[in-house]
Colleague: 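Take this structure, written in structure tokens, and hold onto it; I'll ask about it next.
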Protein chains: 2
Amino acid sequence: MRVLDHPRPEDIRLEAVLHALADPMRLEVVRFLAQAGGEVACSEIDLAVSKSTGTHHYRVLREAGIINQVYRGTAKLNSLRREDLDALFPGLLDSVIAAAARLGTRASSARHSG
Amino acid sequence: MRVLDHPRPEDIRLEAVLHALADPMRLEVVRFLAQAGGEVACSEIDLAVSKSTGTHHYRVLREAGIINQVYRGTAKLNSLRREDLDALFPGLLDSVIAAAARLGTRASSARHSG
DNA sequence: ATCGTACTACGATAAACGACGTACTACGGT
DNA sequence: ACCGTAGTACGTCGTTTATCGTAGTACGAT
């Protein structure tokens, strides 16, 4: 029940990874996790969508093999699967995160005024 | 009719690029172009889809800013926008192409019987 | 002018996607 | 036992996507 299914490294598909990353919300999550560097609860990342939509995006990321999710108490902790991804697609995650970080959120959706 | 519209570098969006790359057919085109290294006619890349579907995929790639398309005679020549992409998203294209090349087309399941 | 090749434009369709709300489960604290 | 917090499952809705076929345009060769 409280155990989440993750794809094994050999089942992670490039297209699924690219597809998962091709969404502003999910890119934001990945960017946040990369910056945080460790485990982050869903509730700590303030996405501009409803909770059920948030759950959907986390699921897509997990099923693509991009993030690891584990329950602790009532929280669900997320972290990047950096090692797996780096081994499978060297440089991919880094370049995407770097690009996303450089662009910030402005190209995606949310915009800070001022 | 003979001039095709391409996004300027500053209009190329990371998400659009990732989205365009997240398709087996288009990934195959990119892989082919990377390997060829220069201009390649649409007809030289044998995609397992109808011609009209092929046109659609080339268009997506062009509109995302991934490929350059130019007419010559009855042919339409395609080439990667490597410099633009490398400047915008350093390492991204290389890592995707390397990953796609390593996997080949089989793992990407660019085919189903029929 | 006619023909063949290469590619396009249009319209249709089925599937996938992103978004939501509501009702629900799981856990910790009181 | 009860409540609040954190997140899920399900059903729905509108949009986008991938696919096709058919009809058409552009160009080079004859």
Side-chain angles (χ1 to χ4, degrees), chain A residues 1-6 13 15-30 32-33 39-64 66-79 108-110, chain B residues 1-6 13 15-30 32-33 39-64 66-79 108-114:
Chain A
M1 87 191 105
R2 298 235 98 189
V3 175
L4 292 156
D5 221 44
H6 292 77
R13 286 173 45 238
E15 301 148 32
V17 169
L18 292 171
H19 168 78
L21 293 173
D23 178 279
M25 295 296 159
R26 297 194 288 259
L27 210 42
E28 171 117 1
V29 170
V30 168
F32 194 103
L33 293 179
E39 295 186 311
V40 175
C42 295
S43 57
E44 290 185 61
I45 309 178
D46 198 29
L47 296 178
V49 289
S50 73
K51 246 172 25 161
S52 45
T53 301
T55 298
H56 160 71
H57 286 306
Y58 283 105
R59 174 196 293 266
V60 172
L61 286 170
R62 172 169 49 82
E63 292 183 344
I66 295 174
I67 65 172
N68 209 312
Q69 297 195 289
V70 64
Y71 285 103
R72 192 169 71 198
T74 69
K76 189 154 122 188
L77 302 181
N78 309 275
S79 56
S108 307
S109 55
Chain B
M1 191 68 214
R2 323 171 44 217
V3 176
L4 291 156
D5 222 44
H6 293 76
R13 287 173 45 237
E15 301 148 31
V17 169
L18 292 171
H19 168 77
L21 293 173
D23 178 278
M25 296 297 158
R26 297 193 289 260
L27 210 43
E28 170 116 359
V29 170
V30 168
F32 194 103
L33 293 179
E39 295 186 312
V40 175
C42 296
S43 56
E44 289 185 63
I45 309 178
D46 197 28
L47 296 178
V49 290
S50 73
K51 242 158 56 140
S52 46
T53 302
T55 297
H56 160 70
H57 287 306
Y58 284 105
R59 176 197 291 266
V60 172
L61 285 170
R62 172 168 50 83
E63 292 183 347
I66 296 174
I67 66 172
N68 209 311
Q69 297 194 291
V70 63
Y71 285 103
R72 191 170 71 196
T74 68
K76 189 154 122 185
L77 302 181
N78 309 275
S79 56
S108 310
S109 76
R111 98 187 52 194
H112 40 80
S113 56

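What you see is a predicted model, and the numbers here were worked out from it, not measured in a lab. Residue numbers start from 1 in every chain, and the chains themselves are labelled A, B, ... in the order their sequence lines are given, proteins ahead of strands.
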Colleague: Just jot down the salt bridge (charged side-chain N to carboxylate O under 4.0 Å, His left out) partners of Glu63(A), sequence neighbours excluded, or say none.
Modeller: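 For Glu63(A), the residues satisfying salt bridge (charged side-chain N to carboxylate O under 4.0 Å, His left out) (neighbours in sequence not counted) are Arg59(A).
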
Colleague: Give each protein N/O atom lying under 3.5 Å from an N/O atom of nucleotides 27-30 of chain D, with the pair distance.
Modeller:
residue : atom : partner : partner atom : Å
dC27(D) : OP1  : Arg2(B) : NE           : 2.7

Colleague: Just so I know, are the side chains of Leu4(A) and Tyr58(A) near enough to count as touching, which here means a heavy-atom distance under 4.5 Å?
Modeller: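 Side chain of Leu4(A) against side chain of Tyr58(A), heavy atoms only: no contact under 4.5 Å found.
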
Colleague: Using whole Å, report how far OH of Tyr71(A) lies from P of dA26(C).
Modeller: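 Between P of dA26(C) and OH of Tyr71(A): 10 Å.
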
Colleague: Rounding to a whole Å, what distance do you find between Asp5(A):CG and dA9(D):P?
Modeller: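 Interatomic distance, CG of Asp5(A) to P of dA9(D): 12 Å.
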
Colleague: Distance check needed: dA6(D) C1' versus Glu39(A) CD, whole Å only.
Modeller: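 Rounded to whole Å, this separation is 16 Å.
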
Colleague: If the condition is side-chain hydrogen bond (donor to acceptor under 3.5 Å, both in side chains), which residues does Thr53(B) pass it with, not counting sequence neighbours?
Modeller: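 Partners of Thr53(B) by the side-chain hydrogen bond (donor to acceptor under 3.5 Å, both in side chains) criterion, ordered by chain and then number, come out as Ser50(B).
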
Colleague: What is the distance from CG of Leu4(A) to C1' of dA26(C), rounded to the nearest Å?
Modeller: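 These atoms are roughly 13 Å apart.
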
Colleague: Whole angstroms only, please: what is the CG-P distance between Leu47(B) and dA18(D)?
Modeller: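 After rounding, the reported distance stands at 13 Å.
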
Colleague: Can you sort out the partners of Asn68(B) under side-chain hydrogen bond (donor to acceptor under 3.5 Å, both in side chains), two or more places apart, ordered by chain and number?
Modeller: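 So Asn68(B) forms a side-chain hydrogen bond (donor to acceptor under 3.5 Å, both in side chains) with His6(B).
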
Colleague: Which nucleotides of nucleotides 15-22 of chain C have their base under 4.0 Å from a protein heavy atom (B), which only their sugar-phosphate (S), and which neither (-), written as one string 5' to 3'?
Modeller: --SSBBB-

Colleague: Heavy atoms only: give me the nearest Ile66(B)-Ala20(B) pair and the separation to one decimal.
Modeller: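 So the minimum-distance heavy-atom pair works out to CD1-CB, 3.6 Å.
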
Colleague: Ring of Tyr71(B), cation from Arg2(B) - is the NZ or CZ under 6.0 Å from the centre and inside 45° of the axis?
Modeller: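 No, Arg2(B) does not lie over the aromatic ring of Tyr71(B).
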
Colleague: Between His57(B) and Val29(B), is the side-chain contact (heavy atoms from CB on, under 4.5 Å) condition met? List the steps.
Modeller: CA-CA 9 Å; His57(B) 287 306; Val29(B) 170; 5.7 Å; no

Colleague: Could you list the residues that satisfy side-chain hydrogen bond (donor to acceptor under 3.5 Å, both in side chains) with His56(B), not counting sequence neighbours?
Modeller: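 In terms of side-chain hydrogen bond (donor to acceptor under 3.5 Å, both in side chains), with neighbours along the sequence ignored, His56(B) is linked to no residue.
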
Colleague: Are the side chains of Asn78(A) and Leu33(A) in touch, meaning some heavy atoms are under 4.5 Å apart?
Modeller: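 Yes, side chains in contact.
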
Colleague: Expressed as a whole number of angstroms, how long is the span from Tyr58(A):OH to dA9(D):C1'?
Modeller: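 Rounded to the whole Å, the gap is 18 Å.
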
Colleague: Using a heavy-atom cut-off of under 4.0 Å over every strand shown, decide if Ser43(B) touches base, sugar-phosphate, or nothing.
Modeller: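 Sugar-phosphate only.
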
Colleague: Would you mind reading off the distance between Arg59(B) atom CZ and dT19(D) atom P, rounded to a whole angstrom?
Modeller: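 These atoms are roughly 15 Å apart.
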
